[in-house]
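Sequential numbering from 1 along the given sequence is applied to the chain's residues.
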Amino acid sequence: MPRDPWRARLAVRFSDLDVAGHVNNVAWLRFVHIGVSQALASWSPPDTAEPGSARRAPGELVWRSVDIRYRRTVQAVGTPIEVRAKPVEQVDGVLVACDAGVVEPGGGVADCVSAEVFLAPPVTLGGPDMSWAGLGSGAQARTPPRPSPWTVVLPVRVTDRTAGGCLSPVAAADLLQEARHDAVSTWRPGIGGVLVVARTAFGLTQATVGEEIRFESWCSRVGRASVDLVSRGVDLAGGAVVVRSTTRIARLSSGADRSATPWSDAERALLHGGGPCAAAPNGHASSAGCGQLAICPNNSGS
């Protein structure tokens, strides 16, 4: 973390928790969003004298990509959270490094989330592809090797858009979570153990013109005890890819035993092929634990 970051104290709300009782990944991104927005508002490039006198007006910078890593769970409502964010000017935009962690009784901070957010002037629909953070070589695949095994169409709500018509970062994370859940629900009954979201990277373009986005998801990499799930959202009205994401999901033995558990040959075949599986995608149904850091077997209650 760069020196002298912007700092703020927040608290976990009940609505931040998913059905598994953990702070959801969208809630963590909301904490990051607050830190990035406030740090950028009070930031000046090195060659300017006063806060707010950046070369680019703040309204001209939009979130283009974010890479966020989840390091530990938080479950208690009211838990104090410290957010630290520091902007660093880049040639083509601003990179904000942001950490969020639990404030411990002694005053120290136990890091829970770290993120790198890149902001730049908006791109236009039909323009060049976005820059976005990836997870290894599998994340660089722009198209799936075959028809996407998991597809879901999600509505764009009025509150999902910013003033410029683009998806807000928190809304994009929310939609991606629904798309990820729809994919995971098809093969989850055939996978044992507990799945945890370890890292997510996504990139945004400027705007959506329609009212629906089609999300296509596929596994780009199956590791020893993890899988990378790639999703892309296509604006049905304009045909442009408006968001891309790669999420790394790791499998643990149990909530108590945090050791990684390798996939079996049958599980690998299921992950690579996207099926077959007896359970149909759940769409907008309750996540049944498919939130941040606790994707549990159906009806297990664990």
Engineer: One pair to check against side chain to side chain contact (heavy atoms under 4.5 Å, CB included): V197 and T247. What are the steps and the verdict?
Structural biologist: CA-CA 7 Å; V197 177; T247 297; 3.8 Å; yes
Engineer: Using 4.0 Å as the upper bound for N to carboxylate O, is an ion pair formed by R180 and E178?
Structural biologist: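 Between R180 and E178 there is no salt bridge, as every charged N stays at least 4.0 Å from the carboxylate O atoms.
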Engineer: What I'd like to find out is whether the side chain of L229 reaches to under 4.5 Å of the side chain of T246, using heavy atoms alone.
Structural biologist: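 With C-beta onward as the side chain, the pair stays apart.
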Engineer: Sequence neighbours left out, what passes side-chain hydrogen bond (donor to acceptor under 3.5 Å, both in side chains) with S226? Give chain and number order.
Structural biologist: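 Here the qualifying residues are R221.
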Engineer: Of the non-hydrogen atoms in L29 and A173, which two are nearest, and what is the gap between them?
Structural biologist: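 In this case the closest contact between L29 and A173 is CD2-CB, 3.3 Å.
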Engineer: Does the side chain of T208 come under 3.5 Å of the side chain of R161 through a donor N or O and an acceptor N or O?
Structural biologist: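 Yes.
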Engineer: Can you name the residues that form a salt bridge (charged side-chain N to carboxylate O under 4.0 Å, His left out) with E104, not counting sequence neighbours?
Structural biologist: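 Here no residue qualifies.
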Engineer: So which atom in L271 and which in C219 form the shortest heavy-atom distance, rounded to 0.1 Å?
Structural biologist: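 Looking at all heavy atoms of both residues, the shortest contact is O-SG, 3.3 Å.
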Engineer: List in chain and number order the residues that pass side-chain hydrogen bond (donor to acceptor under 3.5 Å, both in side chains) with R9, two or more places apart in sequence or in another chain; answer none if no residue qualifies.
Structural biologist: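 Partners of R9 under the side-chain hydrogen bond (donor to acceptor under 3.5 Å, both in side chains) test: E82.
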Engineer: List the residues meeting salt bridge (charged side-chain N to carboxylate O under 4.0 Å, His left out) with D16, not counting sequence neighbours, and say none if there are none.
Structural biologist: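 Partners of D16 by the salt bridge (charged side-chain N to carboxylate O under 4.0 Å, His left out) criterion, ordered by chain and then number, come out as R13, R30.
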Engineer: Would you check, one step at a time, whether the test side chain to side chain contact (heavy atoms under 4.5 Å, CB included) holds for N25 with T200?
Structural biologist: CA-CA 9 Å; N25 67 90; T200 297; 5.7 Å; no
Engineer: Side chains of V26 and V170: does their closest heavy-atom pair fall under 4.5 Å?
Structural biologist: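 V26 reaches V170 side chain to side chain.
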Engineer: Give a yes or no on whether the backbone of A171 and the side-chain of D174 come within a donor-acceptor separation of less than 3.5 Å.
Structural biologist: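 No; judged by distance alone, with no hydrogens or angles, the pair does not exist.
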Engineer: Residues two or more places apart in sequence or in another chain: which of them pass side-chain hydrogen bond (donor to acceptor under 3.5 Å, both in side chains) with S264?
Structural biologist: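 If we apply the side-chain hydrogen bond (donor to acceptor under 3.5 Å, both in side chains) test to S264, skipping adjacent residues, the hits are E267.
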Engineer: Could you tell me whether the side chain of I81 reaches within less than 4.5 Å of the side chain of V12, counting heavy atoms only?
Structural biologist: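 They are in contact (side-chain heavy atoms under 4.5 Å apart), so the answer is yes.
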Engineer: Would you mind reporting whether I68 and F202 have side-chain heavy atoms less than 4.5 Å apart?
Structural biologist: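 Answer no - side chains too far apart.
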Engineer: Would W263 and R251 count as a side chain to side chain contact (heavy atoms under 4.5 Å, CB included) here? Give the steps.
Structural biologist: CA-CA 8 Å; W263 308 115; R251 196 259 294 275; 3.5 Å; yes
Engineer: Does any non-hydrogen side-chain atom of L236 lie less than 4.5 Å from one of V153?
Structural biologist: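 Side-chain contact under 4.5 Å: yes.
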Engineer: For A172 and L204, work out which heavy atoms get closest and say how close.
Structural biologist: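 Distance-wise, the nearest heavy atoms are CB-CD2, 3.6 Å.
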Engineer: Locate the shortest heavy-atom distance separating S217 from S231; write the atom from each residue and the value.
Structural biologist: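 Answer, listing the atom of S217 first, then S231: OG-OG, 2.7 Å.
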Engineer: For F215, check ring pair (Phe, Tyr, Trp, His ring centres under 6.0 Å) against everything at least two apart and list the hits.
Structural biologist: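 With sequence neighbours excluded, F215 shows a ring pair (Phe, Tyr, Trp, His ring centres under 6.0 Å) to no residue whatsoever.
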Engineer: Quick check: is V103 connected to V77 through a chain of hydrophobic side chains (ILVMFWY, heavy atoms under 4.5 Å apart)?
Structural biologist: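 No, separate clusters.
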Engineer: Taking only residues two or more places apart in sequence, or in another chain, which ones meet Q38 in a side chain to side chain contact (heavy atoms under 4.5 Å, CB included)?
Structural biologist: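 Counting only residues at least two positions away or on another chain, Q38 forms a side chain to side chain contact (heavy atoms under 4.5 Å, CB included) with W6, I34.
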Engineer: Just by distance, no angles: are the side chains of R71 and S114 close enough, under 3.5 Å, to form a donor-acceptor pair?
Structural biologist: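 R71 vs S114: donor-acceptor pair found between side chains.
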Engineer: For A11, which residues count as a side chain to side chain contact (heavy atoms under 4.5 Å, CB included) partner, sequence neighbours excluded?
Structural biologist: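 By the side chain to side chain contact (heavy atoms under 4.5 Å, CB included) rule, A11 matches no residue at all.
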Engineer: With rounding to the nearest 0.5 angstrom, report the OG1 to CG distance, T79 to L10.
Structural biologist: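 So the gap between those two atoms works out to 12.5 Å.
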Engineer: Do the side chains of D99 and R84 get close enough for a salt bridge, i.e. N-O under 4.0 angstrom?
Structural biologist: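 Looking at R84 together with D99, the answer is yes, because their closest N to O distance falls below 4.0 Å.
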Engineer: Is there side-chain contact between L40 and V94, with heavy atoms separated by less than 4.5 Å?
Structural biologist: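 When only atoms from C-beta onward are counted, V94 and L40 do touch, with a gap below 4.5 Å.
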Engineer: Is it true that R157 and D160 have a side-chain N and a carboxylate O under 4.0 angstrom from each other?
Structural biologist: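 Between D160 and R157 there is a salt bridge, with a charged N closer than 4.0 Å to a carboxylate O.
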Engineer: Grab the two heavy atoms, one from I213 and one from L167, that are nearest each other, plus how far apart they are.
Structural biologist: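 Taking I213 first and L167 second, the nearest heavy atoms are CD1-CD1, 3.8 Å.
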Engineer: State, to 0.1 Å, how close A110 and R72 come at their nearest heavy-atom pair, and which atoms those are.
Structural biologist: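 Here A110 and R72 meet closest at CB-NH1, 2.9 Å.
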Engineer: Would you indicate whether the side-chain heavy atoms of V109 and V102 approach each other to under 4.5 Å?
Structural biologist: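 Result no, sub-4.5 Å side-chain heavy-atom pair not found.
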Engineer: Going through the distances and angles, do E212 and R214 end up as a salt bridge (Lys or Arg N to Asp or Glu O under 4.0 Å)?
Structural biologist: CA-CA 7 Å; E212 293 182 320; R214 183 182 73 250; over 6 Å; no
Engineer: My understanding is that only residues two or more places apart in sequence, or in another chain, count here; which of them pass side-chain hydrogen bond (donor to acceptor under 3.5 Å, both in side chains) with R69?
Structural biologist: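 If we apply the side-chain hydrogen bond (donor to acceptor under 3.5 Å, both in side chains) test to R69, skipping adjacent residues, there are no hits.
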Engineer: Tell me, with the steps shown, if C112 and W28 meet side chain to side chain contact (heavy atoms under 4.5 Å, CB included).
Structural biologist: CA-CA 9 Å; C112 297; W28 280 119; 3.6 Å; yes
Engineer: Hey, does D235 have a side-chain heavy atom less than 4.5 Å from the side chain of V209?
Structural biologist: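 Yes, close enough: below the 4.5 Å cut-off.
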Engineer: C98 pairs by side chain to side chain contact (heavy atoms under 4.5 Å, CB included) with which of V83, V66, V117?
Structural biologist: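 Result for side chain to side chain contact (heavy atoms under 4.5 Å, CB included) with C98: V83.
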Engineer: What distance separates E216 CD from R244 CZ, expressed to the nearest 0.5 Å?
Structural biologist: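 Reported value, rounded in 0.5 Å steps: 10.0 Å.
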Engineer: To the nearest 0.5 angstrom, please state how far the CG atom of L95 sits from the CZ atom of R64.
Structural biologist: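 Spacing of CG (L95) from CZ (R64) equals 13.0 Å.
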